Amino acid sequence: MDFDTGRRRFLELAGTGTALSLAGCSALQDDAAPQTTAETATAAGSEGGTRRVTVALQADQQALQRRQQEISSELRAGNLTRSEAQQQYQATQQELLSNAVTSFTDRVESTASLSVVDSVDQFGVFLVEGSATAVLDTLSFGSVNALLAAETFQQARQQAQRQQQQAQAQTEQSNTTTTTTTNATATDSTATETNATDSTASN
């Protein structure tokens with residue numbers, strides 16, 4: 001399973017983020033609104049005033065589109081095979097998403113009321129915690145694609161683990177096939193040498 005397939009699978013499982021972005025954000029906005037009573041002011045300053053959400057990032061779409069056009073031109077010109085073109089496109093996706101991860105991390109570190117609890121960098125997925133206002137403000141970050149329920153972060157973690165296990169299994173299978181082929185070649189070579197020796201002895 002390649003990078004893009006694993007990430008898309010997670011987003012399918014998690015949904016598009018619309019539920020939290022629409023319904024959930026209204027609740028966050030209520031939490032972020034000024035409090036006027038002593039009781040609510042106290043609550044806002046407690047741990048109950050923080051929220052945890054899953055943030056899904058996306059690669060720079062304009063840069064990705066430009067690179068896609070370049071790769072398509074190279075493919076049409078015959079300078080790349082379809083497999084090479086796909087590999088280059090996926091490498092670009094990973095690079096741009098990695099840039100988005102770095103940018104988002106730096107932005108969070110500079111925000112006092114927001115912190116990263118955990119992350120699945122390869123998918124560009126973060127579990128963040130902060131005030132309702134700070135959580136909502138992440139929607140203004142250029143790289144943020146969706147806000148999802150905190151529980152969906154575990155889905156990203158599990159999907160990443162499955163992808164890693166599948167990649168490892170494919171590598172082991174490839175190594176086994178290579179070893180088998182090498183052994184078979186060595187056996188054939190030995191058999192040929194043995195037959196040649198027998199033939200010489202007979203003569």
Side-chain angles (χ1 to χ4, degrees), residues 1-22 54-110 116 118-128 137-148 152-153 155-189:
M1 180 183 294
D2 58 39
F3 151 79
D4 191 46
T5 301
R7 177 176 160 80
R8 283 190 285 107
R9 177 58 177 161
F10 158 67
L11 291 176
E12 289 171 0
L13 290 172
T16 62
T18 303
L20 185 59
S21 296
L22 297 180
T54 299
V55 178
L57 307 182
Q58 66 177 355
D60 185 327
Q61 296 302 293
Q62 292 182 346
L64 183 60
Q65 186 175 12
R66 287 194 299 269
R67 183 56 182 148
Q68 182 180 16
Q69 292 172 348
E70 293 172 356
I71 293 173
S72 296
S73 296
E74 290 293 308
L75 180 62
R76 287 193 297 270
N79 297 327
L80 292 175
T81 65
R82 185 170 297 276
S83 176
E84 291 171 339
Q86 183 178 15
Q87 290 175 358
Q88 289 195 17
Y89 181 73
Q90 290 178 354
T92 300
Q93 281 183 309
Q94 290 175 313
E95 180 182 359
L96 292 175
L97 187 60
S98 178
N99 292 341
V101 166
T102 300
S103 176
F104 180 80
T105 301
D106 291 343
R107 188 81 176 266
V108 170
E109 288 178 351
S110 65
V116 172
D118 203 350
S119 67
V120 181
D121 289 357
Q122 69 198 82
F123 285 177
V125 176
F126 287 79
L127 180 64
V128 302
D137 284 347
T138 61
L139 290 172
S140 67
F141 296 5
S143 59
V144 173
N145 183 42
L147 295 184
L148 306 165
T152 61
F153 179 82
Q155 295 177 357
R157 174 71 70 197
Q158 293 171 352
Q159 185 66 32
Q161 290 174 344
R162 282 194 292 268
Q163 179 172 320
Q164 183 177 6
Q165 290 170 355
Q166 290 174 354
Q168 183 177 355
Q170 289 175 352
T171 300
E172 292 176 352
Q173 182 178 4
S174 177
N175 291 339
T176 300
T177 301
T178 301
T179 300
T180 301
T181 301
T182 301
N183 291 340
T185 301
T187 300
D188 291 342
S189 177

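Computed from heavy atoms alone, side chains included, the values below leave out hydrogens, waters and symmetry copies. Bear in mind that the values here come from a model prediction, so they are computed numbers and not experimental data.
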Note to self: Keeping Ser98 on the side-chain end and Gln94 on the backbone end, is there a donor-acceptor pair under 3.5 Å?
What the structure shows: no

Give, for atom [atom1] of [X] and atom [atom2] of [Y], the distance between the pair rounded to the nearest 0.5 Å.
| X | Y | atom1 | atom2 | answer |
| --- | --- | --- | --- | --- |
| Gln158 | Thr152 | CD | OG1 | 11.0 Å |
| Gln88 | Leu80 | CD | CG | 5.0 Å |
| Asp60 | Thr92 | CG | OG1 | 11.5 Å |
| Arg82 | Ile71 | CZ | CD1 | 12.5 Å |
| Thr102 | Leu57 | OG1 | CG | 10.5 Å |
| Gln61 | Ser143 | CD | OG | 11.0 Å |

Any side-chain heavy-atom pair from [X] and [Y] closer than 4.5 angstrom?
| X | Y | answer |
| --- | --- | --- |
| Asp118 | Phe126 | no |
| Gln163 | Gln122 | yes |
| Val125 | Thr54 | yes |
| Leu139 | Asp137 | no |
| Phe104 | Val128 | yes |

Next item on the list: Test side chain to side chain contact (heavy atoms under 4.5 Å, CB included) on Val55 and Phe153 and set out the steps.
Entry: CA-CA 8 Å; Val55 178; Phe153 179 82; over 6 Å; no

Item checked: Residue pairs passing the salt bridge (charged side-chain N to carboxylate O under 4.0 Å, His left out) test where at least one lies in residues 64-74, sequence neighbours excluded -> Arg67-Glu70

Margin query: Is there a side chain to side chain contact (heavy atoms under 4.5 Å, CB included) between Ser119 and Arg157? Walk through the geometry before answering.
Written below: CA-CA 8 Å; Ser119 67; Arg157 174 71 70 197; over 6 Å; no

Margin query: Testing the basics here: between Glu84 and Asn79, what is the closest heavy-atom pair and its distance to 0.1 Å?
Written below: OE1-O, 4.3 Å

Checklist line | Leu97 to Gly124 - nearest heavy-atom pair and separation | finding: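 Looks like CD2-N, 3.8 Å.
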
